[in-house]
Amino acid sequence: WAPTISGSGFDLVARAGVATGQSGGVAGGGPPASLAGETYLRFNPKSLVLADNGRFAFQATLAPSALTTDANDTVIIERRADGALSVAAREGDLVAALGATIKSLDTSAYDTFGGLSINSAGDLAFASIDPADPPTTGVSRLWRRTSTGALQLIAARNASSGAGAPSGLAGVFSTILAPALSSSGAVVFAGTVTLSAGGQVSGLWIVPTGAAPQLIAQSGVATGPLAPPGNTGVVFAVDPPLRGTYRINSRDQVAFRWKLEDGVGGATTANDDALWVWDPTQGILGVVRTGDSISIAGAAPAVRSINMFLGPAGNDDGRLMDLNSRGELACCVQFTDSTGALLVSQLPGIGACCRGATCSQSASSACSGPATRFAGIGVACSPVSAGGCCKADFDQSGTLNSYDLFDFLGAWFAQDPAADIDGSGQVTTVDVLQFLGAWYNGC
């Protein structure tokens, strides 16, 4: 079911046993017109993804018929923002430009998270399984379908060259995990590669719109842009990010949880789990690692475990997301003293820096100190409704109260630049009048 386009009531989008043009006792529910005469047999609920503008997609299996066999019975159905249904991909379709055939789209037995991602523009990332060579985990191939309908083969098991081969590594994919798709159309996925020279390594890839996959992190590497930062000798473990725990936001920043290889560079079971971020301009950055001491309310307990939502996610596919487009990353940690905390980290970037009664565009790293708050990457100084600075909230606590008034007056008498609310470069009586007006009017 889905809300009607007018927003009043609900439409029946899909129902098993209902043919195109039939009602089956209720309105709608049949496959798209291109599947006239066909009926749905069942659906994969894990595959359902919903974009911010109401566009969504799901995987379905068609009932056996004169037109439908085991070779072409799985489909991905897309419902556009205008309510129209279409077939985004079908098992057995030949992708002429690649000389490749889409195998089974029923990934439910292999992929816990459905292997499907969508954005508002109409881009899709999806997975398929080759029944002749099924993996023990993950999928056989990853595809990206652009909003124009073009298909790109992103990754394919046992492809040593050309489309689907592991970019940046000489070998073949043995494991490919589910994709996540950002609102920009970029795809992120993880996998394990059997090297031509022998042995296995795992990697994390990003596939920008209209570009080839780029390897952004790799197991077994101690230095360089693909290694954990810090030059401490630690390396990412050969097992890829746990259960596909990677996220991508609209800025193509990628957050991922990837353990370190025990016994290398001082990594042990007490400090081998960590949360990382890859930024297109900064590379890999560390966020939090087990064994880290974090100062909270005067104490500095050590992190015992890190928890985040399981499964890959993009910022526009309706899946659980703990990385937003302002570059804020959230996670839960447990400490060795049996306490816990919800942590929010700010990724590097330029945005609104709220300092007292002023606002300026600043790097997140430079926006710190008393009565200061970084509003997020890409956030403008105004309006407040879009995340900009409330200049009347002088202590930047998120709440207007008498403390803001007293703190402003204290800063004003001290000729603190933070009291220059009109941005004139001077702290004058005009600033007092403007602050009082803003404080009485609220944010």
Side-chain angles (χ1 to χ4, degrees), residues 1-5 10-51 53-98 100-111 114-119 121-131 139-153 181 317-318:
W1 306 83
T4 61
I5 301 305
F10 288 85
D11 289 333
L12 179 61
V13 176
R15 183 186 183 192
V18 178
T20 301
Q22 296 179 354
S23 65
V26 289
S34 61
L35 297 176
E38 301 295 293
T39 61
Y40 296 123
L41 178 65
R42 60 179 178 271
F43 310 102
N44 176 9
K46 293 183 295 184
S47 69
L48 184 62
V49 284
L50 172 69
N53 65 349
R55 182 189 295 264
F56 66 88
F58 59 93
Q59 178 203 99
T61 300
L62 300 174
S65 70
L67 301 174
T68 302
T69 68
D70 286 341
N72 66 354
D73 64 348
T74 52
V75 292
I76 293 175
I77 303 297
E78 179 182 13
R79 186 183 194 253
R80 300 198 302 265
D82 62 3
L85 293 175
S86 63
V87 178
R90 182 172 184 173
E91 175 187 32
D93 284 352
L94 173 66
V95 184
L98 301 172
T101 300
I102 298 176
K103 302 296 184 179
S104 175
L105 295 171
D106 186 0
T107 62
S108 57
Y110 303 89
D111 185 357
L116 184 60
S117 192
I118 193 173
N119 66 17
D123 300 307
L124 277 172
F126 63 93
S128 62
I129 294 290
D130 185 353
V139 297
S140 302
R141 291 181 174 181
L142 290 184
W143 305 83
R144 175 168 58 191
R145 193 218 63 182
T146 68
S147 57
T148 63
L151 280 171
Q152 177 187 5
L153 181 59
L181 176 74
D317 61 3

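FYI, side chains are in, hydrogens and waters are out, and symmetry mates aren't considered; it's all heavy atoms of this structure.
- Side chains of L151 and I102 form a contact here, defined as non-hydrogen atoms less than 4.5 Å apart.
- Taking all atoms of both residues into account, the shortest heavy-atom contact from R141 to T101 is NH1-O, 3.4 Å.
- Within the 3.5 Å criterion, the main-chain N or O of D73 finds a donor-acceptor partner in the side chain of E91.
- Here the CD1-CG distance, from I118 to L50, works out to 8.0 Å after rounding to the nearest 0.5 Å.
- Taking all atoms of both residues into account, the shortest heavy-atom contact from L124 to A57 is CD2-CB, 4.0 Å.
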Inset, instruction - Evaluate side-chain contact (heavy atoms from CB on, under 4.5 Å) for W143 paired with L153, printing each intermediate quantity in order. - result: CA-CA 5 Å; W143 305 83; L153 181 59; 3.9 Å; yes
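- Nearest heavy-atom pair across A89 and F126 is CB-CZ, 3.7 Å.
- Checking side-chain atoms of N72 against main-chain N and O of L67 turns up a donor-acceptor pair under 3.5 Å.
- Residue Q59 holds its CD atom at 8.0 Å from CG of L116, rounded to the nearest 0.5 Å.
- Within a 6.0 Å sphere centred on CG of N53, heavy atoms belonging to other residues, nucleotides or ligands number more than 12.
- At least one side-chain heavy atom of K103 sits less than 4.5 Å from a side-chain heavy atom of P131.
- Looking only at side-chain heavy atoms (C-beta outward), P31 and I77 stay at 4.5 Å or farther from each other.
- S86 contributes atom OG, which lies 11.0 Å from atom CD1 of I76 (distance to the nearest 0.5 angstrom).
- Between the side chain of N44 and the main chain of K46, a donor-acceptor pair closer than 3.5 Å is present.
- Using a 4.5 Å heavy-atom threshold, the side chains of L62 and R90 count as touching.
- Across every non-hydrogen atom of V139 and S128, the tightest pair is CB-O, 3.8 Å.
- Of the inter-residue distances, the one linking D70 atom CG with S104 atom OG reads 9.0 Å to the nearest 0.5 angstrom.
- The shortest heavy-atom contact between L48 and F56 is CD1-CD1, 3.8 Å.
- Residues E38 and V75 fail the side-chain proximity criterion, which asks for heavy atoms closer than 4.5 Å.
- Counting only N and O atoms by type, the side chains of D106 and T74 include no donor and acceptor under 3.5 Å apart.
- No side-chain donor from either of Q152 and T146 sits under 3.5 Å from a side-chain acceptor of the other.
- Contacts of S34 classified as side chain to side chain donor-acceptor pair (under 3.5 Å), with partners at least two apart in sequence or in another chain: none.
- Considering all non-hydrogen atoms of both residues, V13 and W1 come closest at CG2-C, 4.1 Å.
- Side chain of R145 to main chain of G122: a donor-acceptor pair is present (N/O by atom type, distance under 3.5 Å, no hydrogens or angles).
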